[in-house]
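Below is one structure, written out as structure tokens, with a few remarks after it.
We number each residue from 1, following the sequence as shown.
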Amino acid sequence: MGAMSWFSPDRPERRAEPRRAANLAGVVVASGLEVGCVIVDVSDNGMRVRLSRNLSLPEQVTVVEIGAGLAHEARVIRRDGHEAGLKRQGQTRLGGLVPARLTQAREAWIRAGGR
């Protein structure tokens, strides 16, 4: 029997809160990294993203939700090819002044068409 993917529909659900389908445009940013993504689904404490290309992510990232103008600070807990499972650690609106640690996220949001 072949190996089962972390995100396989056949894999039993282990989280306490349900996932909600999202399909939202986003950008993953970290030091020296900016890559487009789709936020596939979200739960109260996490999210799953599909990256536009297969690459290794650092442990800490910020996911910019372009349409909502939000920066989700997160820890990468699972990786599977183009997809990553993240535990959200904070959320900040990008429409005004932001803490210095989110400057790169705000600039990525503006380049992606955020206002």
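For the pair Ser52 and Val35, the tightest heavy-atom approach, listed with the atom from each and the gap, is OG-CG2, 3.3 Å. Closest approach of Ile66 to Trp109, counting heavy atoms only: O-NE1, 3.0 Å. Considering every non-hydrogen atom in both Pro58 and Val76, the closest pair reads O-CG2, 3.3 Å.
Listed by chain and number, the residues in a side-chain contact (heavy atoms from CB on, under 4.5 Å) with Ile110 are Arg106 (sequence neighbours excluded). Annotation: salt bridge (charged side-chain N to carboxylate O under 4.0 Å, His left out) contacts of Glu34 (sequence neighbours excluded): Arg111.
Distance check, rounded to the nearest 0.5 Å: CD1 of Ile77 to NZ of Lys87 gives 7.0 Å. Atom CD of residue Glu65 and atom CG of residue Leu94 lie 10.0 Å apart, to the nearest 0.5 angstrom. Between the CG atom of Leu70 and the CZ atom of Arg93 there is a distance of 4.5 Å, given to the nearest 0.5 Å. Taken to the nearest 0.5 Å, the CD atom of Glu107 stands 11.0 Å off from the CG atom of Leu102. In this structure, Cys37 SG and His82 NE2 are separated by 12.5 Å, a value rounded to the nearest 0.5 Å.
Within a 6.0 Å sphere centred on CG of Asn54, other residues, nucleotides and ligands contribute more than 12 heavy atoms.
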Next item on the list: Apply the test side chain to side chain contact (heavy atoms under 4.5 Å, CB included) to residues Leu33 and Leu57: give CA-CA distance (whole Å), side-chain angles for both, the deciding distance (0.1 Å), then the verdict.
Entry: CA-CA 9 Å; Leu33 172 74; Leu57 294 176; 3.7 Å; yes
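With contacts defined as side-chain heavy-atom distances shorter than 4.5 Å, the pair Glu73/Arg88 does not qualify. His72 has its side chain out of reach of Thr62: every pair of non-hydrogen atoms, C-beta onward, lies at least 4.5 Å apart. Looking at heavy atoms from C-beta onward, Leu24 lies out of side-chain contact with Val40 at the 4.5 angstrom threshold. With a 4.5 Å cut-off on side-chain heavy atoms, Arg20 and Asp44 count as touching. Side-chain contact between Val38 and Val49 is absent, with no heavy-atom pair separated by less than 4.5 Å. Contact of the Val61 side chain with the Leu86 side chain is registered, since non-hydrogen atoms from C-beta on lie closer than 4.5 Å.
A continuous path of Ile, Leu, Val, Met, Phe, Trp and Tyr side chains, each step under 4.5 Å between heavy atoms, connects Met47 with Val28, placing both in one hydrophobic cluster. At a threshold of 4.5 Å between side-chain heavy atoms, the hydrophobic network of Ile, Leu, Val, Met, Phe, Trp and Tyr places Val63 and Leu51 in one connected group.
Residues Gln60 and Gln89 have side chains that bring a donor and an acceptor to within less than 3.5 angstrom of each other.
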